[in-house]
Amino acid sequence: MSEYFNVAEMFGEDVFNDKVMQERLPKKVYKALKKTIQEGKELDPMIAEVVAGAMKEWAIEKGATHYTHWFQPLTGVTAEKHDAFITSPNPDGTVLLDFSGKELIKGEPDASSFPSGGLRATFEARGYTAWDCTSPAFVRHDAAGAILCIPTAFCSYTGEALDQKTPLLRSMEAINAQALRLLRLFGNTTSKKVTPSVGPEQEYFLVDEKKFLQRKDLIFTGRTLFGAMPPKGQELDDHYFGTIRQRIASFMKDVNLELWKLGVTAKTQHNEVAPAQHELATIYSEANIAVDHNQIVMQTLKRVACQHGMKCLLHEKPFAGVNGSGKHNNWSIITDDGINLLDPGKTPHENVQFLLVLTCILKAVDVHADLLRESAADPGNDHRLGANEAPPAIISVFLGEQLEDVLAQLISTGMATHSLKGGVLETGVKTLPNLAKDATDRNRTSPFAFTGNKFEFRMVGSRDSVAAPNIVLNTIVAEAFCEACDILEKADNFDEAVHDLIKKYASEHHRIVFNGNGYSEEWVEEAERRGLPNIRSMVDAIPALITDKAVDVFGKFGVFTKAELESRVEIKYESYAKVINIEARSMIDIASKQIVPAVMKYTKSLADTVNAVTSAGAEAPVQLDLLKETSGLLGETKEALSRLIHVTEEAGKMEAGQEQAKYFHDEVMAAMEALRMPVDKLEMIVDKDMWPMPSYGDLLFEV
């Protein structure tokens with residue numbers, strides 16, 4: 001008999017949300033805190049003191065013994081330090097529980113121990129975490145007990161952002177200010193705030209924990225560095241949207257329950273394209289909350305997988321030969337009174353405000369395509385972008401037939417007089433209803449696709465924070481809005497000026513629009529003719545952060561200082577080099593200690609068989625052929641291993657930075673691939689009982 005869960009009752013039960021605040025805070029305090037959240041005002045310390053007391057009592061009732069400032073440093077994962085609520089013991093041996101407003105507002109982790117890209121020296125340890133009151137605190141229950149988690153920003157002693165959240169909040173303020181300017185031009189005097197809304201889709205793999213622990217490559221790097229394809233992969237497309245296996249379904253149920261309690265709107269779950277691959281999507285929320293929630297999703301997937309005897313793989317390409325994992329970032333812009341600035345309405349050609357917003361976004365993406373590409377750059381993503389499983393490394397925008405037609409009208413005549421209609425989809429089966437047909441198809445090969453009332457940025461890596469792409473999107477669109485408003489606010493005739501500006505932006509930036517097959521070689525050639533950048537790797541993408549153009553746009557809106565951008569460049573080069581170095585050293589370790597000895601053992605058994613057969617006066621042609629083939633591949637393996645050892649050592653001698661990262665990309669990665677080729681061939685020959693690790697078939701189909 002299945003358990004019964006009342007989702008409506010349990011949803012958000014472990015979150016210090018608006019409902020809890022209304023119940024537990026004095027009305028005056030509640031109103032002041034809401035004003036701070038909604039209007040971005042500075043928080044009164046006296047208000048913080050009252051909130052801290054109420055939050056502590058609520059958390060203790062939930063079983064919490066500790067609290068933590070939960071933040072997102074530039075490590076790619078979240079960080080936390082747990083402090084108990086207890087104070088110094090009383091003379092009678094008892095202890096009090098306390099949590100002050102000061103402790104709520106500010107924490108002090110060691111800033112020198114996190115990546116800072118030169119913003120903090122080793123001897124300069126001080127850094128601060130600051131409460132982000134716009135993202136609700138929550139109680140997390142795990143093996144450590146119940147912990148009150150307080151979402152915070154993380155900055156240095158001198159005020160530079162050392163995290164993902166601080167620049168995200170800055171970018172949200174930027175797009176809010178510029179979008180309100182634009183709305184006022186169209187006569188909207190009621191909307192008070194404009195917020196980017198984000199809905200991430202999270203892809204992941206699940207493998208059996210026992211098999212995972214037999215693969216050093218998965219343990220050390222999160223991906224398989226060796227592995228021959230099994231007889232069956234994803235060719236039949238039978239896993240995609242297929243019936244969810246019971247073990248996986250049980251895992252998904254527990255994930256949902258955990259997420260719902262934490263106020264995360266886990267909505268959609270299904271099998272993805274590759275065997276053992278799955279997806280979870282959440283409902284839209286404000287960008288900074290969506291970023292926090294996606295971090296909670298990734299942590300929950302990993303933790304619950306362990307409870308079910310599995311491991312969750314969030315690497316972008318854990319298995320060669322089958323689809324990797326991404327994270328589609330669905331982005332739109334919403335006012336506080338519910339207006340979606342990306343909703344074209346039933347007649348887009350007449351919706352002038354929408355057309356201005358749309359063409360501003362086209363301009364932003366065209367001008368800053370390199371920045372948008374960099375925001376999805378990751379060592380794991382280098383295995384996906386540009387392959388026939390993920391959008392190409394070339395940034396383009398899919399608008400669909402309806403909006404493409406409207407744009408064509410604007411460009412040719414300056415006026416759009418009609419919009420294509422969706423019509424009715426006739427199924428040809430009398431018992432099935434005729435379906436309302438959308439005015440445009442979808443395009444899964446486009447990296448930046450309009451999908452009805454939002455844009456879907458499809459390039460983000462599965463284990464990456466969605467903060468980076470949203471920081472870029474918010475900032476570059478804020479710039480486009482700002483430049484449009486600067487022109488329109490000075491216009492004598494607004495109606496004429498806005499139509500001229502829409503036509504201008506549509507004409508000048510139409511090159512970024514592409515509705516065709518982004519996977520085709522023809523598009524690569526066409527994009528080059530259009531002058532669109534084709535940035536193939538993370539190492540090639542990083543310089544986009546410190547171009548004059550990037551420094552200007554981020555500086556203009558206070559999102560990043562030049563020093564903060566330079567620090568991130570340094571961190572990214574160093575991070576790339578470290579990741580590839582770990583992978584190379586893992587390959588060397590596995591090949592030297594596991595694969596070569598296993599193959600030598602197999603060749604010895606073959607040689608013994610050949611000797612035994614020939615000693616008996618018979619011939620052993622099959623065994624002899626196998627012995628020659630195996631010995632030849634073993635020789636190739638040893639030669640490739642020696643080469644990888646050499647280039648890895650050479651890379652280690654180089655100073656950290658662009659040159660070292662480029663060497664890892666060009667030389668070390670090539671040597672890694674050269675080592676993998678003979679090893680994967682050997683896996684197809686050597687007796688399975690002698691092969692030192694579980695195969696792809698074991699990992700992908702036995703979970």
Side-chain angles (χ1 to χ4, degrees), residues 5 9-26 29-30 33 37 43 45 47-73 77-90 93-109 128-154 165 254-266 288-289 292-293 295-304 306-307:
F5 301 100
E9 287 184 4
M10 74 165 57
F11 188 83
E13 67 179 34
D14 289 333
V15 184
F16 195 74
N17 53 26
D18 191 71
K19 180 175 180 291
V20 175
M21 289 193 294
Q22 284 190 65
E23 293 171 350
R24 292 178 174 263
L25 297 177
V29 172
Y30 170 76
L33 181 60
I37 294 171
L43 184 66
I47 298 297
E49 195 69 33
V50 178
V51 174
M55 191 182 289
K56 179 202 71 175
E57 294 301 322
W58 169 80
I60 289 172
E61 290 173 19
K62 294 286 180 183
T65 56
H66 292 68
Y67 69 90
T68 182
H69 277 196
W70 186 74
F71 60 104
Q72 300 171 38
V77 294
T78 57
E80 54 194 63
K81 173 173 69 79
H82 300 174
D83 286 299
F85 288 119
I86 61 171
T87 61
S88 300
N90 295 320
T94 60
V95 71
L96 295 176
L97 302 181
D98 191 32
F99 182 53
S100 68
K102 182 179 178 181
E103 290 169 320
L104 170 63
I105 291 174
K106 188 181 80 171
E108 190 179 330
Y128 297 118
T129 48
W131 178 35
D132 173 19
C133 61
T134 64
S135 183
F138 57 93
V139 170
R140 187 185 68 218
H141 298 270
D142 57 25
I147 309 294
L148 172 63
C149 299
I150 303 158
T152 56
F154 179 42
K165 170 158 284 194
D254 288 349
V255 166
N256 286 331
L257 294 177
E258 292 285 330
L259 293 177
W260 290 336
K261 289 176 184 177
L262 293 173
V264 179
T265 53
N288 67 310
I289 296 176
D292 286 354
H293 282 184
Q295 291 289 347
I296 293 172
V297 166
M298 290 190 287
Q299 292 171 356
T300 303
L301 288 170
K302 288 185 173 182
R303 180 163 52 84
V304 176
C306 291
Q307 294 167 0

Looking only at non-hydrogen atoms, find the nearest pair between Leu104 and Phe99 and report the distance.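 Closest pair (atom of Leu104, atom of Phe99, distance): CA-CZ, 3.6 Å.
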Using only heavy-atom distances, determine whether the side chains of [X] and [Y] contain a donor-acceptor pair under 3.5 Å.
X: Thr152; Y: His69; answer: no
X: Ser100; Y: Glu49; answer: no
X: Ser135; Y: Asp292; answer: yes
X: His82; Y: Glu80; answer: yes
X: Asp83; Y: Thr68; answer: no

Could you check Glu13 against Lys62 for side chain to side chain contact (heavy atoms under 4.5 Å, CB included), going step by step and ending with a plain yes or no? CA-CA 9 Å; Glu13 67 179 34; Lys62 294 286 180 183; 4.2 Å; yes
Are any of the side-chain heavy atoms of [X] and [Y] separated by less than 4.5 Å?
X: Leu97; Y: Ile60; answer: yes
X: Phe71; Y: Pro109; answer: yes
X: Leu259; Y: Ile296; answer: yes

salt_bridge(Arg140, Glu258) N-O dist < 4.0 Å: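 Salt bridge absent between Arg140 and Glu258.
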Any salt bridge linking Asp132 with Lys165? Criterion: basic side-chain nitrogen under 4.0 Å from a carboxylate oxygen.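 Yes, Asp132 and Lys165 are salt-bridged.
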Is the number of heavy atoms from other residues, nucleotides or ligands under 6.0 Å of Lys302 NZ greater than 12?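 Result for NZ/Lys302: open.
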How about Phe85 and Tyr67: are their ring centroids closer than 6.0 Å?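 Yes, close enough.
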Can the ring centres of Phe138 and Phe16 be said to be less than 6.0 Å apart?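 Centroid separation for Phe138 and Phe16: 6.0 Å or greater.
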Check: [Y] main-chain N/O paired with [X] side-chain donor or acceptor under 3.5 Å:
X: Thr129; Y: Gly107; result: yes
X: Lys56; Y: Val51; result: no
X: Asn17; Y: Val20; result: yes

